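First up is the structure itself, then whatever we jot down about it.
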Amino acid sequence: MIISWNTTQACNINCIHCYRDAGMKRNDELDTAEGKKLLWEIAKAGFKIMIFSGGEPLLRPDIYQLISFARSLGMRPVLGTNGILITPKVAGKLKEAGLACAGISLDSKDKAQHDRFRGADGAWDKTLQGMAACRAAGLPFQIHTTVTSRNRDEITVLTDFAVELGAMAHHIFFLVPAGRGKDIEATTLKTADYEALLERILAKQAEVPIEIKPTCAPQFMRIAKQKKIPMRFSKGCLAGTAYCVILPNGDVQPCPYLPLKAGNVRHKAFHLLWQESPLFHKFRYEPLTGGCSRCGYDDVCGGCRARAYYYSDGNYLAEEPWCSCGR
């Protein structure tokens, strides 16, 4: 099982697609003691992969303590970062704290396009410097790319670039309209382009020595099954079943793109929320509707619940709108 904690709302750049609408730190963010208590409860719930994200998690002065504590609890701590703040000193401290991997965002080989998307001049150069610092420190890193219609043609080119840069994986995030992402909804890939890119990504996997993982595009599991491509993953969408997110103030959601509150860790221990929340029970046991109820691949795909929510007026059990299956 895998979990994300948006450790802060603060961020040093202004990405145009940011699902958290990050910028300024919130006044009600969990402090260090509350964060350690949360991590203990997450471990008690059985989660193994702990993602520290934001905002920009490196803006939290206690991030090294939190990473170290997660490691001491037997979890695999990873970081979701824009990479700009990773200097050689920071990379060394992250490795010393026990970070397993840094996930660093890179959306184009074109510097200007990446900088526009990330809302910060010079972001591309600083991000690559951060990757170089990780390499020098012996800290594994992977590249995270958000897909829109503007960069879809260079996604597999970025995979080759990831190999060249020494990344251990390339995780490809398909845009979901949430936060500031709603402002660029028109750039989301629709059915034909969506599935064509997934097929390209799965074909590319056979050509490179690193893992490629589509995210928020659960149909990759259905396509893999149809093409008899072996996958180490069990299911596409894990929201509320084997994944959830903690917001900076302690609110718990099934995924970062679904504004549905299961509870707050200040009011109820996380492991109890995970076990007892009526919202999570609905994600786990209520049947999907529409095309997702009849396609025959709901056991391995599940459709993107956040995309269903956005395009179905809040019905998170509705069919995935950009899937060709089950129609």
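Keep in mind that what you see is a predicted model, and the values were worked out from it rather than measured.
- Note on I212 and L189: same hydrophobic cluster, where clusters join Ile, Leu, Val, Met, Phe, Trp and Tyr whose side-chain heavy atoms are under 4.5 Å apart, directly or indirectly.
- With hydrogens and angles disregarded, a donor-acceptor distance shorter than 3.5 Å links the side chain of T187 to the backbone of I184.
- Under the 3.5 Å distance criterion, the side-chain polar atoms of T127 are left unmatched by any main-chain donor or acceptor of I84.
- Both cation-pi conditions hold for K213 and F233: the charged atom is under 6.0 angstrom from the six-membered ring centre and inside a 45 degree cone around its axis.
- Salt-bridge formation is not detected for the pair E199/K204: no Lys NZ or Arg NE/NH1/NH2 atom is positioned less than 4.0 Å from an Asp or Glu carboxylate oxygen.
- Two residues are said to be in side-chain contact when any heavy atoms from C-beta on lie closer than 4.5 Å; M131 and I143 meet this criterion.
- Side-chain atoms of Q253 come within 3.5 Å of backbone atoms of L258 as a donor-acceptor pair (strictly under, hydrogens ignored).
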### Task
Start with the C-alpha gap between I246 and D251, add the side-chain angles, then the distance that decides, and say whether side chain to side chain contact (heavy atoms under 4.5 Å, CB included) holds.
CA-CA 6 Å; I246 318 295; D251 284 347; over 6 Å; no
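- Residues F174 and W322 keep their aromatic ring centres 6.0 Å or farther apart.
- Using a 4.5 Å cut-off on side-chain heavy atoms (C-beta onward), C304 and C237 make no contact.
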Residue pair T145, H170: steps toward the side chain to side chain donor-acceptor pair (under 3.5 Å) verdict:
CA-CA 8 Å; T145 300; H170 185 201; 2.9 Å; yes
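- Around NZ of K190, the count of heavy atoms belonging to other residues, nucleotides or ligands within 6.0 Å exceeds 12.
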Could you go step by step and tell me if K25 and Q9 meet the side chain to side chain contact (heavy atoms under 4.5 Å, CB included) rule?
-> CA-CA 5 Å; K25 178 183 176 181; Q9 193 87 355; 5.7 Å; no
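- W40 and F270 have their aromatic ring centers separated by at least 6.0 angstrom.
- Side chain of R284 to main chain of G240: a donor-acceptor pair is present (N/O by atom type, distance under 3.5 Å, no hydrogens or angles).
- For the 3.5 Å distance criterion, the side chains of Y194 and S324 fail to qualify, holding no donor opposite an acceptor.
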Quiz prompt | Residues F47, Y243; criterion side chain to side chain contact (heavy atoms under 4.5 Å, CB included); working and verdict | solution = CA-CA 9 Å; F47 286 85; Y243 173 78; 5.8 Å; no
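- In terms of heavy-atom proximity, P77 sits nearest to F52 at CB-CE1, 3.9 Å.
- Hydrophobic clustering, with ILVMFWY side chains joined whenever heavy atoms are under 4.5 angstrom apart, keeps L247 apart from W5.
- The shortest side-chain heavy-atom distance between S105 and R118 falls under the 4.5 Å cut-off.
- A salt bridge does not link R150 with D107: none of the charged nitrogens is closer than 4.0 Å to a carboxylate oxygen.
- Taking NE2 of H144 as the start and OG1 of T215 as the end, the distance is 7.5 Å to the nearest 0.5 Å.
- You'll find the ring centres of Y316 and F283 inside the 6.0 Å limit.
- Looking at Q142, its side chain never comes within 3.5 Å of a backbone N or O of G103 through a donor-acceptor pair.
- The shortest side-chain heavy-atom distance between D299 and K235 does not fall under the 4.5 Å cut-off.
- Summarising the geometry, atom CG belonging to L279 is positioned 7.0 Å from atom NZ belonging to K282; distances are rounded to the nearest 0.5 Å.
- Panel note: side chain R180, backbone P177; no donor-acceptor pair is recorded below 3.5 Å.
- Between R76 and A100, the shortest heavy-atom contact is CG-CB, 3.5 Å.
- Under a cut-off of 6.0 angstrom, the local environment of CG in D121 is sparse, with at most 12 non-hydrogen atoms contributed by other residues, nucleotides or ligands.
- Taking both residues in full, the closest heavy atoms of M168 and P140 are given as SD-CB, 3.6 Å, listed atom of the first, atom of the second, then distance.
- Side chain of T8 to backbone of A10: a donor-acceptor contact under 3.5 angstrom is found.
- Taking both residues in full, the closest heavy atoms of C255 and V245 are given as C-CG1, 3.4 Å, listed atom of the first, atom of the second, then distance.
- Partner Y311 forms a side chain to side chain donor-acceptor pair (under 3.5 Å) with one of E320, E319, E185 and no other, that one being E185.
- Taking every heavy atom of both residues into account, N6 and S53 meet most closely at ND2-OG, 2.8 Å.
- Using a 4.5 Å cut-off on side-chain heavy atoms (C-beta onward), V252 and K261 make no contact.
- Taking the side chain as every heavy atom from C-beta outward, S108 and F117 never approach each other to under 4.5 Å.
- Put simply, CD1 on I67 and CZ on R60 are 11.0 Å apart, with the number rounded to the nearest 0.5 Å.
- Nearest heavy atoms, R20 versus P248: CD-CD, 4.4 Å.
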Would you sort out whether H281 and E286 count as a side chain to side chain donor-acceptor pair (under 3.5 Å), showing the intermediate values?
-> CA-CA 8 Å; H281 284 195; E286 287 199 11; over 6 Å; no
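- In this structure, the side chain of D115 engages the main chain of A123 through a donor-acceptor pair within 3.5 Å.
- Below 30°, between 30° and 60°, or above 60°: for Y19 and Y257 the angle between ring planes is above 60°, a perpendicular geometry.
- In this structure, the side chains of E164 and F161 come closer than 4.5 Å at one or more pairs of heavy atoms.
- Between R152 and D193 a salt bridge is recorded (basic side-chain N to carboxylate O distance below 4.0 Å).
- Once rounded to the nearest 0.5 Å, the distance linking SG of C292 with CD of Q219 reads 7.5 Å.
- Checked by atom type and distance alone, the side chain of N12 never pairs as donor or acceptor with a backbone atom of L85 at under 3.5 Å.
- With respect to R266 and E34, a salt bridge is recorded, a charged nitrogen being found less than 4.0 Å from a carboxylate O.
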Query raised in the report: Between V265 and L30, is a side chain to side chain contact (heavy atoms under 4.5 Å, CB included) present by the stated rule, with each step listed?
Result: CA-CA 9 Å; V265 300; L30 300 179; 4.1 Å; yes
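- If you take CE on M1 and CD1 on I42, they are separated by 10.5 Å, rounding to the nearest 0.5 Å.
- A heavy-atom distance below 4.5 Å is not found between the side chains of L99 and Y64.
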Starting from the C-alpha separation in whole Å, work towards a yes-or-no answer on side chain to side chain donor-acceptor pair (under 3.5 Å) for E56 and N82.
-> CA-CA 7 Å; E56 173 50 60; N82 56 52; 3.1 Å; yes
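- Judged purely by atom type and a 3.5 angstrom limit, S312 has no side-chain atom pairing as donor or acceptor with the backbone of N315.
- Rounding to the nearest 0.5 angstrom, the gap separating the CG atom in D183 from the NE2 atom in H17 is 12.5 Å.
- Just one residue in the list T148, V147, L175 forms a side chain to side chain contact (heavy atoms under 4.5 Å, CB included) with T188, and that residue is L175.
- Using a 4.5 Å cut-off between side-chain heavy atoms of Ile, Leu, Val, Met, Phe, Trp and Tyr, with links allowed through other members, F220 and I210 fall into the same hydrophobic cluster.
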